[in-house]
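Notes follow the structure.
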Amino acid sequence: AQSVTQPDIHITVSEGASLELRCNYSYGATPYLFWYVQSPGQGLQLLLKYFSGDTLVQGIKGFEAEFKRSQSSFNLRKPSVHWSDAAEYFCAVTRMGGGSNYKLTFGKGTLLTVNP
Amino acid sequence: NAGVTQTPKFRILKIGQSMTLQCTQDMNHNYMYWYRQDPGMGLKLIYYSVGAGITDKGEVPNGYNVSRSTTEDFPLRLELAAPSQTSVYFCASSYNGNTDTQYFGPGTRLTVL
């Protein structure tokens, strides 16, 4: 069964500092990987996704993520955090085809706090 | 486009009551999903639909029912509310299947007392 681990439940950074949120997945097939962001009281919004090709993907709001197959990781990064980035971030994985074709598996989320 | 809309935003139910959570999308998406979000647990798929008239169970379907009579609407029914159904419920839609971007509604916060 596919699974996603986000090791950090809560991260606090200062505004302007760099950010890296960790995501590890467990999957037998080629994964399709996503990062979603949830601002307080709102639904989730896609930041970026990886299916194949260049392992460094760019997303919205200045975020990027790097797929490392050897480490089963898909970490999210941002060089300089803004106060508006305070939110909860979810990594998710799925695959094409098979019985679980329509199931997107989410991690438990990492809550980001940004200090002024 | 309004995207994905959900009503109500908040609701308190008594044990044993029933209710329907409404979800509508105006993007002509084929696929629609219902998730529940519990604190520290991420999102769990309750039911999904691949088109009008076609629905299937997700990870946690017990206690819920769905229908999809139109492309736009995908209501979620709770027949006999239980405290374990206290959660935030999100509806989402996508044009293609699970490898496509999902667009989420703002959520319904349900409390069962």
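In what follows, chains carry the letters A, B, and so on, assigned in the order in which the sequence lines appear, proteins first and then strands, with residues in each chain numbered from 1.
Heavy-atom distances place no part of Asp56(B) under 4.5 Å from chain A, backbone and side chain included. Using a 4.5 Å cut-off between heavy atoms, Ile9(A) does not touch chain B at all. Of the atoms belonging to Gln37(B), it is side-chain heavy atoms, and not backbone ones, that fall under 4.5 Å from chain A. Within the 4.5 angstrom heavy-atom criterion, only side-chain atoms of Gln38(A), from C-beta onward, approach chain B.
With a 4.5 Å cut-off on side-chain heavy atoms, Tyr47(B) and Tyr33(B) do not count as touching.
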* **side chain to side chain contact (heavy atoms under 4.5 Å, CB included) between Trp34(B) and Gln6(B), intermediate numbers included** => CA-CA 11 Å; Trp34(B) 274 106; Gln6(B) 293 182 240; 3.5 Å; yes

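In this structure, Lys78(A) satisfies the cation-pi test against Phe63(A), with its NZ or CZ atom closer than 6.0 Å to the six-membered ring centre and inside 45 degrees of the ring normal.
The residue among Lys49(A), Glu88(A), Gln6(A) with the most heavy atom pairs within less than 4.5 Å of chain B is Lys49(A).
Here the options are Phe34(A), Trp35(A), Phe67(A), the test is side-chain contact (heavy atoms from CB on, under 4.5 Å), and the partner is Cys23(A); only Trp35(A) passes.
Residues Thr24(B) and Asp73(B) have side chains that bring a donor and an acceptor to within less than 3.5 angstrom of each other.
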